[in-house]
**Q** 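This structure is in structure tokens; I'll ask about it shortly.
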There are 2 protein chains.
Amino acid sequence: MLGPVSVYTPAEVVEETGFTLDTLRYYEKIGLLEPVERNAAGQRRFSDSDLSWLGLVRCLRDTGMPIAQMLRFAELVRAGDHTIPDRIRLLEEHDRRVQSQIANLTARQRGIHNKISYYRSVL
Amino acid sequence: MLGPVSVYTPAEVVEETGFTLDTLRYYEKIGLLEPVERNAAGQRRFSDSDLSWLGLVRCLRDTGMPIAQMLRFAELVRAGDHTIPDRIRLLEEHDRRVQSQIANLTARQRGIHNKISYYRSVL
DNA sequence: GGTTGACCTGGAGCCCGCTCCAGGTGGGAT
DNA sequence: ATCCCACCTGGAGCGGGCTCCAGGTCAACC
């Protein structure tokens, strides 16, 4: 039994992923997205696997991974299953950076809270 | 009794705040920093109050506040104590954004963890 | 079969936030 | 007295990540 094999228009992918159409085209142009299938008229028809890749891209972007590093990751994916350990290492390293991002954000937020408290105290 | 009134060289401020000297000059140029005191030779001598302001700037920058908004905040500070309620509002609004940043980061991190687990499961 | 609107391409432009440079002055340790 | 290094200014340049545009093609609905 195969999973659903669906096809999505650009507008649907924009809706689904939150990326703009310009951004999707840009990602394809730089190779962050595999060349997307086209219909007879040359319009993009995205696949489930494009969608799922874009889901991961969304996670990595939103956690601050630079595009250059996502490209390296994309190359590992293309290179085949033997790169899975490398992919794990890359993601784990990124995860550590995300963790410290959260810690820093939380610490700085405390500084902001202090300032707010101070301002309240002098009202 | 007055607090310590000290004066800091550019190098000390760089050390203390983590901003580069170029960044400090840039912040002064755009008015995010009040015109800094100078010695006879025209070199900057930062005050305690510069340092403390830079501490707040560090919190706001690290939590993603755009420079334009920090400038608005700086103007409120210059305008005097009657703007304290506005400052509180501004900081609280920013705090809410920081909170949702942390939430988003945490959610995306879960997506990354899932991917790592998946990769581990297929090894 | 006409109109509207989604989509296409290549390439230029933009915004943010620094960062770097050239060319020069002054301070302070030896 | 000399050296070196920190610091100064104004202005240009940069890197990242899109974003916008002109000019054109197709599709789909009335």
**Q** Nearest-Å distance, CD (B:Glu15) to C1' (D:dA6)?
**A**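 The distance from CD of B:Glu15 to C1' of D:dA6 comes to 15 Å, rounded to the nearest Å.
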
**Q** May I have all residue pairs that pass side chain to side chain donor-acceptor pair (under 3.5 Å) and include part of residues 71-82 of chain B, sequence neighbours excluded?
**A**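 Qualifying pairs: B:Glu34-B:Arg78.
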
**Q** Do B:Pro10 and B:Arg45 have side chains that get closer than 4.5 Å, going by heavy atoms?
**A**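 Of all side-chain heavy-atom pairs linking B:Arg45 with B:Pro10, at least one is under 4.5 Å.
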
**Q** Return the value, rounded to whole Å, for the distance between atom CD1 of B:Ile30 and atom P of D:dG10.
**A**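 Going from B:Ile30 (CD1) to D:dG10 (P), I get 15 Å.
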
**Q** Counting only side-chain nitrogens and oxygens, does A:Arg44 get under 4.0 Å of the OP1 or OP2 atom of C:dC8?
**A**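 The answer is yes; a side-chain N or O of A:Arg44 sits under 4.0 Å from OP1 or OP2.
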
**Q** Mind listing the N/O atom pairs, protein and nucleotides 18-22 of chain D, below 3.5 Å?
**A**
unit_1	atom_1	unit_2	atom_2	d
D:dC18	OP2	A:Tyr27	OH	2.8
D:dC18	OP2	A:Arg61	NE	3.1
D:dC20	N4	A:Asp22	OD1	3.4

**Q** Taking CE from A:Met65 and P from D:dG16, how many angstroms apart are they, rounded to a whole number?
**A**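 About 15 Å, once rounded to whole Å.
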
**Q** Applying salt bridge (Lys or Arg N to Asp or Glu O under 4.0 Å), name anything that partners B:Asp50, two or more places apart in sequence or on another chain.
**A**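 Per chain and number, B:Asp50 pairs via salt bridge (Lys or Arg N to Asp or Glu O under 4.0 Å) with no residue.
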
**Q** Provide, to the nearest angstrom, the distance between the CD atom belonging to B:Glu37 and the P atom belonging to D:dC8.
**A**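 Result: 13 Å.
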
**Q** With B:Tyr27, which residues qualify under ring-ring contact (aromatic ring centres under 6.0 Å, His included), at least two apart?
**A**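 With neighbours one apart ignored, the set is B:Phe19.
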
**Q** Provide, to the nearest angstrom, the distance between the CZ atom belonging to B:Arg38 and the P atom belonging to D:dA6.
**A**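 Whole-Å distance recorded here is 18 Å.
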
**Q** How does protein contact run along nucleotides 23-30 of chain C, one letter per nucleotide 5' to 3', with B for base contact, S for sugar-phosphate only, - for none, heavy atoms under 4.0 Å?
**A** ---SS---

**Q** The criterion is salt bridge (Lys or Arg N to Asp or Glu O under 4.0 Å); which residues satisfy it with A:Glu37, sequence neighbours excluded?
**A**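 Residues passing salt bridge (Lys or Arg N to Asp or Glu O under 4.0 Å) with A:Glu37: none at all.
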
**Q** Is B:Val98 isolated, or which residues cluster with it under the ILVMFWY side-chain rule of less than 4.5 Å, directly or via members?
**A**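 Answer for B:Val98: A:Val98, A:Ile102, A:Leu105, B:Ile102, B:Leu105.
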
**Q** Applying salt bridge (Lys or Arg N to Asp or Glu O under 4.0 Å), name anything that partners A:Arg61, two or more places apart in sequence or on another chain.
**A**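 Expected list: none.
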
**Q** What pairs with B:Asp86 under salt bridge (Lys or Arg N to Asp or Glu O under 4.0 Å), at least two apart in sequence or on another chain?
**A**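 Partners of B:Asp86 under the salt bridge (Lys or Arg N to Asp or Glu O under 4.0 Å) test: B:Arg89.
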
